[in-house]
K.L.:
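Sharing a structure below in structure tokens format, with a few things to ask.
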Amino acid sequence: MFSYRHGFHAGNHADVLKHMVLIAVIKHLTAKPTALTVVDTHAGAGLYRLDSDFAGTSGEAQDGIVKLLASPLAAEPPPLLADYLQLIASFNPSGRNRIYPGSPFVTQALLRKEARDKLWLFELHPTDAKALAEHVLQLEDQRMLAIKREDGFEGLRALLPPPSRRALVLIDPSYEIKNDYGRVALCIQESLKKFATGTYMVWYPVIPRPEAHELPRRLKTLSNQAGKPWLHATLNIGQAPERANTHTPGEKPPRQGLTASGVFLVNPPHTLKAALLEVLPQLVETLGRGRGQGHAVESGG
Ligand code: SAM
């Protein structure tokens with residue numbers, strides 16, 4: 001079960017989509033003075049070195065944040081992307097892009113001490129949970145944070161509804177076990193019963209697997225049944241053209257890695273759809289590698 005390590009994938013195109021949307025949602029929710037609770041059910045290690053062995057082995061950031069930062073789009077980004085790039089830059093004050101913040105640090109950077117916002121982080125992997133706890137020690141004020149080395153789906157149950165009645169739940173499993181797809185759907189179903197006004201954000205990989213295909217459909221049905229608005233967006237960077245001379249004849253071509261991913265939100269900010277419709281075509285143009293590249297944004301409720 002524990003073969004997935006987010007360090008291999010940090011800063012890839014899927015992280016660009018997920019963290020850009022996460023920032024937009026938190027900025028919207030923190031515009032009101034009332035305390036906000038954020039629950040990150042699958043937190044990861046929190047911070048990643050883009051020059052580490054992990055990141056270097058897969059090089060996924062090269063087709064994500066690294067490519068984006070080197071592109072003309074980074075010089076004149078639309079607002080959603082500008083907020084994301086600014087936050088990434090704040091972790092790299094020297095100007096060299098070496099640190100990539102995961103969802104715990106992206107979120108923590110935007111939460112407000114004075115409003116008594118609260119961040120709950122769940123991470124099961126022993127090594128990543130330990131790394132997360134160590135990374136959090138760097139923060140001046142850790143009082144707004146709680147780290148649990150527990151199952152995030154289970155842990156969430158006890159936290160809803162939050163005392164302030166305002167919450168964002170990020171559900172970002174690794175989907176290394178098929179079961180995760182069903183658990184995500186069940187988690188949304190149960191959570192909407194307990195706390196229907198919360199904002200829920202699910203990330204998922206767009207891969208040729210029936211469960212992955214079904215997940216956004218199930219989430220749409222659950223949102224519609226609960227009478228709640230939803231938003232679904234995907235980013236596909238397409239297949240990398242096979243480069244000549246990178247592998248010998250008869251040998252398998254290099255792995256393409258994940259080409260597409262999606263985010264599904266229940267009770268999204270009303271401004272998010274228009275912002276995504278502006279930014280996603282530009283991201284496809286910048287990060288697109290070839291066959292299959294594209295984006296989609298749909299909403300309902
Ligand atoms: N949310 C992180 C980010 O955006 O930076 C990335 C999370 S990564 C995709 C998924 C993480 O969930 C992995 O670190 C994995 O060890 C952890 N994990 C897997 N199953 C879990 C569970 N049931 N509860 C909590 N964490 C889990």
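In this text, all values refer to a predicted model and were calculated from it rather than measured experimentally. In what follows, every heavy atom counts, from backbone to side chain, and hydrogens, waters and symmetry copies are set aside. Ligands are counted one by one from 1 in listed order, and the atoms in each one are counted from 1 as well.
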K.L.:
I need the atoms of ligand 1 closer than 4.0 Å to a non-hydrogen atom of Gly44, numbered in the order shown.
P.N.:
14 (O)
K.L.:
Taking atom types as modelled, find out whether Lys273 and Ser299 have a side-chain donor-acceptor pair closer than 3.5 angstrom.
P.N.:
yes
K.L.:
Do any nitrogen or oxygen atoms of His42 lie less than 3.5 angstrom from nitrogen or oxygen atoms of ligand 1?
P.N.:
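Yes; the residue has a nitrogen or oxygen that sits under 3.5 Å from a nitrogen or oxygen of the ligand.
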K.L.:
If you count the atoms of ligand 1 from 1 in the order shown, which ones are under 4.0 Å from a heavy atom of Gly102?
P.N.:
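Counting atoms of ligand 1 from 1, those under 4.0 Å from Gly102 are 5 (O).
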K.L.:
Contact between ligand 1 and His19 is defined here as a heavy atom of the residue under 4.0 Å from a ligand atom; is it met?
P.N.:
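Per 4.0 Å heavy-atom rule, His19 contacts ligand 1.
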K.L.:
State whether the shortest distance between N or O atoms of Asp15 and N or O atoms of ligand 1 falls below 3.5 angstrom.
P.N.:
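Looking only at distances, the answer is no, because the N/O contact criterion of under 3.5 Å is not met.
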K.L.:
Thr41 heavy atoms, cut-off 4.0 Å: which ligand 1 atoms fall inside?
P.N.:
24 (N), 25 (C), 26 (N)
K.L.:
Which is it for Glu150 and ligand 1 at heavy atoms under 4.0 Å: side chain, backbone, both or neither?
P.N.:
backbone
K.L.:
Surrounding NZ of Lys220 (heavy atoms of other residues, nucleotides or ligands, distance under 6.0 Å), is the total greater than 12?
P.N.:
yes
K.L.:
Can you see which heavy atom on Thr34 is nearest to which on Arg166, and at what distance?
P.N.:
O-NH1, 3.0 Å
K.L.:
How does Ala43 reach ligand 1, if at all, at less than 4.0 Å between non-hydrogen atoms: by side chain, backbone, both, or neither?
P.N.:
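Contact part for Ala43 vs ligand 1: backbone (N, CA, C, O).
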K.L.:
Given side chains that start at C-beta, do those of Ser261 and Thr234 come closer than 4.5 Å, heavy atoms only?
P.N.:
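Counting from C-beta outward, Ser261 and Thr234 never come under 4.5 Å.
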K.L.:
Heavy atom under 4.0 Å from ligand 1: found in Asp128's side chain, backbone, both, or neither?
P.N.:
side chain
K.L.:
Any atoms of ligand 1 less than 4.0 Å from a non-hydrogen atom of Asp151? List them with their elements.
P.N.:
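Answer, ordered by atom number: 23 (N), 24 (N).
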K.L.:
Locate the shortest heavy-atom distance separating Lys18 from Trp203; write the atom from each residue and the value.
P.N.:
CB-CD1, 3.9 Å
K.L.:
Using a strict 4.0 Å threshold on nitrogen-to-oxygen distance, state whether Lys194 and Glu190 make a salt bridge.
P.N.:
no
K.L.:
Give a yes/no on ligand 1: does Leu22 have at least one heavy atom closer than 4.0 angstrom to it?
P.N.:
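The answer is no: ligand 1 sits nowhere under 4.0 Å from a heavy atom of Leu22.
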K.L.:
Out of all atoms in ligand 1, which are within 4.0 Å of some heavy atom of Gly152? Include the element for each.
P.N.:
22 (C), 24 (N), 25 (C)
K.L.:
Report the part of Asp180 (side chain from C-beta onward, or backbone N, CA, C, O) that has a heavy atom under 4.0 Å from ligand 1; answer both or neither where that applies.
P.N.:
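Answer for Asp180: neither.
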K.L.:
Side chain, backbone, both or neither: which part of Arg5 has a heavy atom under 4.0 Å from ligand 1?
P.N.:
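For Arg5, there is no contact with ligand 1 at all, from either part.
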K.L.:
Quick check: Tyr175 with Tyr181 (ring centres under 6.0 Å apart)?
P.N.:
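That pair passes the under 6.0 Å test.
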K.L.:
Between His9 and Tyr48, does the ring centroid distance fall short of 6.0 Å?
P.N.:
no
K.L.:
Is it the case that Ser103 and Asp40 place a side-chain donor and acceptor less than 3.5 Å from each other?
P.N.:
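Per modelled atom types, Ser103 and Asp40 side chains form a pair under 3.5 Å.
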K.L.:
Please state whether the rings of Phe264 and Trp230 are parallel, tilted or perpendicular, taking 30° and 60° as the class boundaries.
P.N.:
parallel
K.L.:
Report yes if Ser174 has an N/O atom closer than 3.5 Å to an N/O atom of ligand 1; otherwise report no.
P.N.:
no
K.L.:
Which atoms from ligand 1 have a heavy atom of His125 less than 4.0 Å away?
P.N.:
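Here the atoms of ligand 1 in question are 16 (O).
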K.L.:
Who are the side-chain hydrogen bond (donor to acceptor under 3.5 Å, both in side chains) partners of Asp117, not counting sequence neighbours?
P.N.:
Arg112
K.L.:
Within the structure, does Leu124 bring an N/O atom to less than 3.5 angstrom of an N/O atom in ligand 1?
P.N.:
yes
K.L.:
For the 3.5 Å polar cut-off, considering only N or O atoms, please tell me whether Ser103 and ligand 1 meet it.
P.N.:
yes
